[in-house]
Structure formats: C-alpha cells, structure tokens
Amino acid sequence: MKEKKLQDLLAHVEVDQIVGDSSANINDVTCDSRQVRRGSLFVAVRGVNVDAHQFIPQVVADGATAVVCEQLPDKEAEGVTFVVVPNSTVALAHIASNWYDNPSSQLQLVGVTGTNGKTTTATLLYELANLMGYKAGLLSTVQNLIDKRVEPAKQTTPDHLTLNRLLHEMVEAGCEYAFMEVSSHACSQHRIDGLKFAGGIFTNLTRDHLDYHGTVENYINAKKMFFDSLDANAFAVVNADDKVGAVMVQNTKAKKYTYSLRTMADFKCRVLEDRLDGTALTINDKEVNVLFTGRFNAYNLTGVYAAAVLLGWDKDSVLVKMSQLVPVAGRFQTMRSPRGYTAIVDYAHTPDALVNVIDTVNEVINGKGQVITVCGCGGNRDKGKRPIMAREATMRSDKVILTSDNPRFEDPDEILRDMQAGVPAEKVASTLTITNRKQAIEAACHMAQPGDVVIVAGKGHEDYQEIQGVKHHFDDREVIAHVFETEKL
C-alpha cells in the first residue's frame with residue numbers, strides 16, 4: 001500500500017495552522033467524502049454547488065487520519081490532524097502533485113488554452129510526437145492517452161487528483177512529453193496549480209462559458225491565469241492575430257513567441273491553396289501540404305509547429321511529419337456521399353467556430369455548390385449565444401436547419417425559439433426548424449445535390465445526446481453514414 005508522511009504532502013502548500021501530528025502516515029488522498037477510509041487525507045473543498053466542510057464529521061467517523069480545511073470544525077477529533085489553509089482547492093492541487101511524486105516535473109508538459117482549437121492542437125502535438133519517435137501522453141476533451149492506452153475523458157481538464165494520476169501513469173509508461181487542453185474552468189478552479197509546464201499555447205478567444213464566468217473579462221482573466229503561472233524556463237506561444245494574445249502574456253515570466261497568418265510573427269504561415277481534402281501552406285517560408293482544410297486549421301498547425309520547434313525538435317523533420325497528420329475526430333471531419341455531395345461534421349459550438357467552418361467551406365467551393373448547415377445550441381449553457389449562432393449560420397449558408405444539440409435539462413423547443421429570434425427576416429424562408437436531430441441531419445442530406453456541402457455542427461466527436469440528465473447514444477457521423485448506405489441502394 002502506498003504511504004506518505006502528511007508533512008511531505010504539504011510541500012509548497014500555504015498552511016495557516018496545524019492541529020495534531022504533521023508526521024502522520026497517509027495512505028490515500030481524496031476530496032470525495034464517500035471515498036474516505038482509514039488512513040485517508042480528506043481535503044474539504046468549497047465547490048460551486050457543495051461545501052465539503054459539512055462532511056468533516058462524517059469523514060472523521062469513517063477513519064480519516066487528516067483533514068485539510070479552511071475552517072476548523074466546531075468539534076475536533078482526537079487522533080485526527082487538521083491542517084488549516086487559506087484555500088483548500090489550491091492546497092489540493094499541490095497535495096495531488098506531491099502524492100503522485102510531482103509527475104509534471106518528470107515530463108515536458110505543454111498546455112493549450114483558448115476558445116477554439118484546443119483539442120486539435122493538443123492532439124496533433126501528441127500525434128506529431130509519436131511520428132517523431134517519442135513516447136507521449138494526451139489529456140483532451142475527446143480522450144486521454146497514456147502512450148497508446150486510452151482512458152475515456154469525462155471533462156476537458158480532469159480534477160486535481162485524476163490529472164496528476166494520469167501524468168504519473170505517463171511517467172511510468174516511459175513518456176517524455178505530455179500535451180493537455182487547459183480549460184478556463186480548470187484555471188479558475190486551480191486544477192493546474194502545482195504543475196510544471198514546459199510551455200503554453202494560446203489559440204484564440206471568443207465568447208464562451210459566460211454561464212460560468214459571467215463576463216468576457218472574467219473569461220479572459222481565467223485563461224490568463226495559465227500564462228501567469230508559467231516560469232522563466234517555459235515558453236508562451238500566442239496567436240498574434242487575436243487581439244487578446246498580447247493580454248495573455250503581459251505578466252508571464254515565460255519566453256514569449258508569436259504565430260500568425262496576417263502579421264509579422266516568430267512563426268509566420270501563409271495559405272497557398274485551400275481544398276476540401278487539404279491545404280498547401282508555407283510556414284516560415286517552407287512549404288508543406290497538409291490533410292486539413294481552412295484558415296482555422298492553418299492557425300492550429302502553425303501553433304503545433306511553433307511548439308514542436310520550441311521543444312527542440314528538428315524543424316525539417318517536423319514539417320515532413322506534419323504532412324502525415326490526419327484531422328481529429330469530429331473536427332472538420334469530411335465524409336463523401338455516393339451522390340456527389342460532401343458532409344462535414346464539426347464540433348463548432350460557439351459563434352466564432354461556426355463562422356470559421358462555414359466561411360472555410362464557402363471559400364473552398366467558391367459558389368459552385370450550396371452550403372446547407374445543421375446546428376443547434378446546448379441547454380443549461382450561455383443563452384446569449386443562441387440568436388448569434390442562428391444569425392451567423394443563416395447569413396453564411398444557403399439553407400439552415402436549426403435542431404436540438406444537448407438540451408440537458410431544458411426544453412429543446414424553447415432553445416430553438418431562442419435561436420429563431422436571431423434569424424434575419426430575409427432568411428426565414430431558407431431556414432427550417434426540426435427538433436429531432438436525426439431527422440434534421442437526414443433532411444439536410446436529402447436536400448443536397450452533387451457539389452453541395454452539408455455542415456453538421458455542434459457535437460463533433462460526441463457519441464451521445466444528453467436529455468434530462470440521461471446520455472442517449474447518438475453520433476452525427478453514424479447518422480450520415482447510414483444515409484450514405486441508403487443512397488447506394
């Protein structure tokens with residue numbers, strides 16, 4: 001059984017007071033009161049919905065050896081050590097890292113933050129590392145990978161203990177590198193505190209998660225916390241074409257670098273030719289052909305190249321291997337119909353991401369076909385973006401079908417009414433509303449003629465639809481594939 005001294009677990013933790021024996025032996029660390037057993041260290045975290053301080057009497061009764069808290073309980077228990085800290089969540093981050101032998105310091109860990117492009121950038125860095133002959137790990141929205149072993153992802157950035165456990169398993173598996181998405185929630189909830197990063201990448205910032213952060217300024221500040229935490233040995237690479245890029249690194253100690261498609265930068269990319277099946281680029285005046293479409297992917301790939309070079313990988317080898325990379329599941333994933341039209345599945349669930357996808361398709365087909373877009377908005381999330389999403393989709397597409405996404409605990413028809421409010425009067429005639437997502441996708445495919453492009457946006461890689469707290473199996477790609485099969489008959 002694993003065992004550590006409490007005082008060793010408190011390294012780098014700001015402590016106000018210790019009541020009891022700091023040399024007590026700990027054989028488990030948890031912030032879930034239901035998992036406490038004899039010998040556990042319980043960290044009482046004040047969560048968004050629940051304050052775990054209320055469970056202290058219960059965990060003491062269940063045999064906890066020590067409790068980390070922000071406030072001592074009314075009644076202290078004999079034989080239990082209480083550690084009072086200013087912030088339990090911050091303390092948990094350092095304790096988790098100490099419990100797993102500070103795994104991030106044994107890896108070259110690169111974090112990717114921004115509104116759009118996090119999954120693609122982190123995943124492509126992982127894939128590129130493999131192609132370059134390195135063992136690596138990945139922490140992403142789609143999946144977590146310990147070398148080649150898959151562990152399903154429950155959230156973009158895991159909780160403190162899971163995060164450090166996964167990093168520890170990467171070290172044990174012989175990984176040299178790890179690449180992870182860093183969400184704004186993870187920053188504001190101090191989930192990345194205590195981690196040592198070799199570098200960070202900022203992709204872009206547009207409206208998202210205002211249901212949680214409240215204002216765009218709070219959202220920006222949450223992302224910025226990541227770069228503020230980087231040390232002087234790390235690198236910080238930001239998208240110079242995003243006005244928030246400079247803000248992200250204004251207080252960082254890390255070495256600053258930029259990448260761009262439009263302005264002067266340390267890593268400059270130009271799009272030479274864009275097709276639905278790939279793009280010809282130059283990065284720092286060296287040409288590379290990639291299997292990705294769109295300027296947003298050109299940005300992602302330039303960020304990938306920048307990080308790879310700053311990690312010390314050979315520049316020419318990186319460009320050769322980049323040409324072998326393939327798109328991430330559900331990110332501008334192209335499917336070709338037997339009838340001659342193209343379907344594209346993309347995770348775009350913010351106004352900016354949706355605009356990027358539709359504009360990319362319009363640029364590539366250049367009026368030689370219709371763009372038919374299927375999109376919706378998730379329930380129990382930022383309601384303000386619903387009419388914006390609908391307006392952007394209808395203004396940029398020839399036809400639009402508004403449909404259900406993940407309604408969660410909301411009425412899907414109510415969500416759609418919010419979206420319909422954003423449809424301009426001149427676009428009402430070319431806009432349909434079909435609540436059932438499967439029927440909406442099928443209708444879009446049946447409308448399409450040879451040369452047209454059907455964009456199915458919002459869910460991307462997800463293989464479920466969340467309705468009233470239940471996740472039902474649903475995959476946009478499976479629906480499209482089934483339509484294609486019937487077209488062959």
Side-chain angles (χ1 to χ4, degrees), residues 112-128 131 138 140-142 179 181 201-206 237-242 245 258-262 265 267-284 286-309 318-336 342-366 371 373 396 453 455-458 460-461 477:
V112 185
T113 197
T115 305
N116 303 310
K118 293 190 300 296
T119 301
T120 295
T121 302
T123 303
L124 293 184
L125 276 166
Y126 165 82
E127 298 289 357
L128 183 60
L131 290 172
L138 173 69
S140 81
T141 303
V142 177
F179 306 99
E181 294 183 50
I201 303 170
F202 169 71
T203 59
N204 50 63
L205 191 134
T206 59
V237 185
V238 300
N239 178 355
D241 293 340
D242 190 294
T258 55
Y259 67 96
S260 169
L261 267 68
R262 297 201 305 261
F267 299 92
K268 180 66 186 293
C269 175
R270 284 196 309 124
V271 177
L272 302 179
E273 183 188 4
D274 217 350
R275 309 176 304 276
L276 281 178
D277 62 350
T279 308
L281 306 171
T282 62
I283 302 179
N284 285 0
K286 293 199 173 185
E287 190 168 336
V288 59
N289 283 285
V290 294
L291 300 171
F292 297 79
T293 302
R295 291 183 177 274
F296 62 95
N297 270 322
Y299 278 109
N300 293 335
L301 288 161
T302 309
V304 166
Y305 176 80
V309 169
V318 167
L319 286 172
V320 170
K321 299 304 182 185
M322 280 176 62
S323 67
Q324 300 170 28
L325 293 170
V326 297
V328 177
R331 267 63 175 179
F332 211 92
Q333 189 170 350
T334 304
M335 303 171 72
R336 186 76 175 166
T342 300
I344 294 171
V345 175
D346 194 89
Y347 189 53
H349 60 284
T350 65
D352 184 67
L354 188 61
V355 167
N356 283 337
V357 171
I358 301 173
D359 283 358
T360 293
V361 171
N362 278 318
E363 286 174 22
V364 174
I365 65 175
N366 197 23
V371 176
T373 300
R396 287 171 160 78
V453 176
I455 299 170
V456 182
H461 66 282
R477 296 161 297 181

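When a residue number appears, it is its place in the shown sequence, counting from 1. The basis for the numbers below is simple: all heavy atoms, side chains too, and nothing from hydrogens, waters or symmetry mates.
Listed for the Ser260 side chain is no donor-acceptor partner under 3.5 Å among the backbone atoms of Asp241. No donor-acceptor distance shorter than 3.5 angstrom exists from the side chain of Arg275 to the backbone of Thr293, with no hydrogens or angles considered. Between the Gln333 side chain and the Gly330 main chain, a donor and an acceptor come within less than 3.5 Å of each other. Of the possible donor and acceptor atoms, one in the side chain of Asp242 sits under 3.5 Å from a partner among the backbone N and O of Leu205. Judged by distance alone, the side chain of Asp274 and the main-chain N or O of Gly294 form a donor-acceptor pair under 3.5 Å. Listed for the Ser323 side chain is a donor-acceptor partner under 3.5 Å among the backbone atoms of Val320.
Inter-residue side-chain proximity for Phe332 and Val361 is flagged as met; some heavy-atom pair is nearer than 4.5 Å. When side chains are defined from C-beta on, Thr373 does not count as touching Val357, because their heavy atoms never get closer than 4.5 Å. Within the 4.5 Å cutoff, side-chain heavy atoms of Thr203 are placed close to those of Thr121. Under the 4.5 Å side-chain criterion, counting only non-hydrogen atoms from C-beta, Tyr299 is in contact with Asn239. Taking 4.5 Å as the limit, some side-chain heavy atom of Tyr347 sits within range of a side-chain heavy atom of Thr141. Thr360 places a side-chain heavy atom less than 4.5 Å from the side chain of Phe296. Within the 4.5 Å cutoff, the side chain of Val290 has no heavy atoms near those of the Leu325 side chain. Between Val237 and Phe202 there is no side-chain heavy-atom pair separated by less than 4.5 Å.
The shortest non-hydrogen separation linking Glu363 to Arg295 is OE1-NE, 3.9 Å. Taking both residues in full, the closest heavy atoms of Ala298 and Val271 are given as CB-CG2, 4.0 Å, listed atom of the first, atom of the second, then distance. When all heavy atoms of Thr302 and Cys269 are compared, the closest pair comes out as OG1-CB, 3.1 Å. The heavy-atom pair separating Lys321 from Leu128 by the smallest distance is CB-CD1, 3.5 Å. The minimum heavy-atom distance between Ala329 and His461, with the atom names listed, is O-CB, 3.6 Å. When every heavy atom of Asp359 is checked against every heavy atom of Arg396, the shortest pair comes out as OD1-NE, 2.9 Å.
Here CG of Leu281 is found 7.0 Å from CG of Leu272. Values are rounded to the nearest 0.5 Å. Interatomic distance, Arg262 CZ to Lys268 NZ, rounded to the nearest 0.5 Å: 10.5 Å. Note that OG of Ser140 and CG of Leu125 are 12.0 Å apart. Values are rounded to the nearest 0.5 Å. Rounding to the nearest 0.5 Å gives a distance of 4.0 Å between CZ of Arg331 and OG1 of Thr119. The OG1 atom of Thr279 lies 8.5 Å from the CD atom of Glu273; values are rounded to the nearest 0.5 Å. To the nearest 0.5 angstrom, Asn362 atom CG is 7.5 Å from Ile358 atom CD1.
Judged as a side chain to side chain donor-acceptor pair (under 3.5 Å), and not counting sequence neighbours, Asn289 has no contacts.
Between Phe267 and Tyr305, the ring planes lie perpendicular to each other; the angle is over 60°, past the 30° to 60° tilted range.
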* To do: Apply side-chain contact (heavy atoms from CB on, under 4.5 Å) to Ile283 and Tyr259, showing your working.
  => CA-CA 10 Å; Ile283 302 179; Tyr259 67 96; over 6 Å; no
* To do: For the pair Ile344 and Leu276, evaluate side-chain contact (heavy atoms from CB on, under 4.5 Å) and give the outcome as yes or no after the intermediate values.
  => CA-CA 10 Å; Ile344 294 171; Leu276 281 178; 4.1 Å; yes
